[in-house]
Protein chains: 2
Amino acid sequence: MGLPVRKSKVTAPPPACPLTESLALLRGAWAPNVIWYLSAEPRRFGELRHDIPRISARVLSARLRELESRGLVTRRVLDTSPPSAEYALTPLGRELLPAIEALAHVGRKLIDQWELGRQAPRAARVRRVA
Amino acid sequence: MGLPVRKSKVTAPPPACPLTESLALLRGAWAPNVIWYLSAEPRRFGELRHDIPRISARVLSARLRELESRGLVTRRVLDTSPPSAEYALTPLGRELLPAIEALAHVGRKLIDQWELGRQAPRAARVRRVA
DNA sequence: CAGTATCCTGCTCGATACTG
DNA sequence: CAGTATCGAGCAGGATACTG
């Protein structure tokens, strides 16, 4: 059975499950965003923080390191005057993109459906966004 | 209480993001499994509990209700002697399957890679994937 | 069998402060 | 700029007990 000592009881549903494995990676609801913003081009720590405004440095750092330890992201330190680091997706990391896109696709539908269902159960015409 | 009220600060990254939307659904690391086990055929509450041994009734119930409220799952009460209920995926719910499969696919690779990295640490550096 | 209520654990997150 | 340490808060989840 695979997975080593997966955290604790919580966040550790079925053992050795591929699905759980990648899900654990997308954990925290931030990792997918990190991967997403990294997909276009390599980005620096600060840029990612800017891309994902509400993420804290603590969490971004943690996710990045986790992603790196799993071989999904690479970290390259540039020795510029103010030290900077550049993160990029590895080929394996890129394989997560289709899944993320598929998720986003359904998410889009869920949003549409939700909006439809709440404002016009019979004739949805007006689309008011909060 | 749809999903407009974005829980709290935690678990509420970017606003109105499709990705976040579906991710919120897969939240808890259990929902995907529920969907997965429901994909083959409709199942009853107890069967799902059996399929996913470590899930508690409380959580399974919560997930099922959430999935139902989002229109991803239907619930049908059968009036048998001991009352039973049957859950099934809706067409929309089925649209989540490709995403889940994509996730599982990458998960599989992650596990393989991890196992490789642990049993052949010195022989083969696992830097490059594939 | 199906499902809910209560209690308790602990993980993840954000804010803040600090180091290299 | 990049990243870590500490602190407190909130939510998910397990276990158990109980109802229909």
Side-chain angles (χ1 to χ4, degrees), chain A residues 5-15 20 23-34 38 42-69 73-88, chain B residues 1 3 5-15 20 23-34 38 42-69 73-88:
Chain A
V5 218
R6 210 100 212 92
K7 283 303 140 53
S8 69
K9 56 180 179 181
V10 164
T11 318
T20 301
L23 234 30
L25 216 97
L26 303 188
R27 168 184 55 173
W30 284 123
N33 283 288
V34 171
L38 238 33
R43 292 186 85 67
R44 289 184 298 124
F45 192 87
E47 292 179 315
L48 286 172
R49 286 195 72 179
H50 180 264
D51 290 335
I52 321 171
R54 313 202 186 137
I55 197 173
S56 63
R58 176 175 149 10
V59 172
L60 177 55
S61 177
R63 289 295 151 267
L64 248 15
R65 278 194 291 149
E66 185 172 355
L67 256 18
E68 189 190 357
S69 75
V73 162
T74 57
R75 177 192 149 159
R76 193 169 57 122
V77 177
L78 315 169
D79 60 315
T80 49
S81 7
S84 55
E86 197 171 77
Y87 296 88
Chain B
M1 99 106 193
L3 70 196
V5 194
R6 225 102 192 99
K7 282 308 140 55
S8 70
K9 55 181 180 182
V10 165
T11 319
T20 301
L23 235 31
L25 216 99
L26 303 189
R27 167 184 56 172
W30 284 121
N33 282 287
V34 172
L38 239 31
R43 292 185 85 68
R44 291 184 297 124
F45 193 87
E47 291 179 317
L48 286 173
R49 285 195 73 178
H50 180 264
D51 289 336
I52 321 171
R54 315 205 184 132
I55 197 172
S56 63
R58 177 179 158 349
V59 173
L60 177 56
S61 178
R63 289 295 151 265
L64 247 16
R65 277 166 163 281
E66 186 173 354
L67 257 19
E68 189 189 358
S69 75
V73 162
T74 56
R75 177 194 147 156
R76 192 169 58 120
V77 177
L78 314 169
D79 58 315
T80 49
S81 10
S84 56
E86 196 172 77
Y87 295 88

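To find a chain, count down the sequence lines: A is the first, B the second, and so on, and within it residues start at 1.
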What integer distance in Å separates [X]:[atom1] from [N]:[atom2]?
{"X": "A:E47", "N": "D:dA2", "atom1": "CD", "atom2": "P", "answer": "8 Å"}
{"X": "B:R63", "N": "D:dC11", "atom1": "CZ", "atom2": "P", "answer": "13 Å"}
{"X": "B:H50", "N": "C:dA2", "atom1": "NE2", "atom2": "P", "answer": "13 Å"}
{"X": "B:I52", "N": "D:dG13", "atom1": "CD1", "atom2": "P", "answer": "12 Å"}
{"X": "A:R54", "N": "C:dA15", "atom1": "CZ", "atom2": "C1'", "answer": "15 Å"}
{"X": "A:L60", "N": "C:dT12", "atom1": "CG", "atom2": "P", "answer": "16 Å"}
{"X": "A:D51", "N": "D:dA2", "atom1": "CG", "atom2": "P", "answer": "12 Å"}
{"X": "A:R43", "N": "D:dA2", "atom1": "CZ", "atom2": "C1'", "answer": "16 Å"}

Contacts of type side-chain contact (heavy atoms from CB on, under 4.5 Å), residue [X], not counting sequence neighbours:
{"X": "B:A62", "value": "none"}
{"X": "A:T74", "value": "A:A88, A:T90"}
{"X": "B:R58", "value": "B:S56"}
{"X": "B:R49", "value": "B:F45, B:A57, B:L60"}

Does the side chain of A:I55 come within less than 4.5 Å of A:N33's, by heavy atoms?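 Answer no - side chains too far apart.
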Using side-chain heavy atoms (C-beta onward) and a distance below 4.5 Å, is A:L48 in contact with A:L64?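 They are in contact (side-chain heavy atoms under 4.5 Å apart), so the answer is yes.
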Looking only at the side chain of [X] (C-beta and beyond, no hydrogens), which of the listed nucleotides [options] gets closest?
{"X": "B:V59", "options": "C:dC1, C:dG3, D:dG13", "value": "D:dG13"}
{"X": "B:P82", "options": "C:dC1, C:dG3, D:dA2", "value": "C:dC1"}
{"X": "B:W30", "options": "C:dT12, D:dG13, C:dG3", "value": "D:dG13"}

Answer yes or no: is there an ion pair linking B:R63 with B:E66, defined by an N-O contact shorter than 4.0 Å?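 Looking at B:E66 together with B:R63, the answer is yes, because their closest N to O distance falls below 4.0 Å.
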Filtered N/O pairs between nucleotides 5-8 of chain C and protein, under 3.5 Å:
| residue | atom | partner | partner atom | Å |
| --- | --- | --- | --- | --- |
| C:dT6 | O4 | B:R58 | NE | 3.4 |

Please classify the nucleic acid contact of B:R49 as base, sugar-phosphate, or nothing, using heavy-atom distances under 4.0 Å.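 Touches nothing.
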For D:dG14, does OP1 or OP2 lie under 4.0 Å from any side-chain N or O of B:S56?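 Yes, because at least one side-chain N or O of B:S56 sits under 4.0 Å from OP1 or OP2 of D:dG14.
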Side-chain polar contacts of residues 80-87 of chain B - donor-acceptor pairs under 3.5 angstrom, sequence neighbours left out - could you list them?
| residue | atom | partner | partner atom | Å |
| --- | --- | --- | --- | --- |
| B:T80 | OG1 | B:P82 | O | 2.6 |
| B:T80 | OG1 | B:S84 | OG | 3.2 |
| B:E86 | OE1 | B:R76 | NH2 | 2.7 |

List the residues meeting salt bridge (Lys or Arg N to Asp or Glu O under 4.0 Å) with B:R43, not counting sequence neighbours, and say none if there are none.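 B:R43: salt bridge (Lys or Arg N to Asp or Glu O under 4.0 Å) contacts with B:E41, B:D51.
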Here DNA chain D, pairs taken as Watson-Crick or G-U under 3.5 Å and shown with ( ), [ ] when crossing and | when to another strand, reads ||||||||||||||||||||
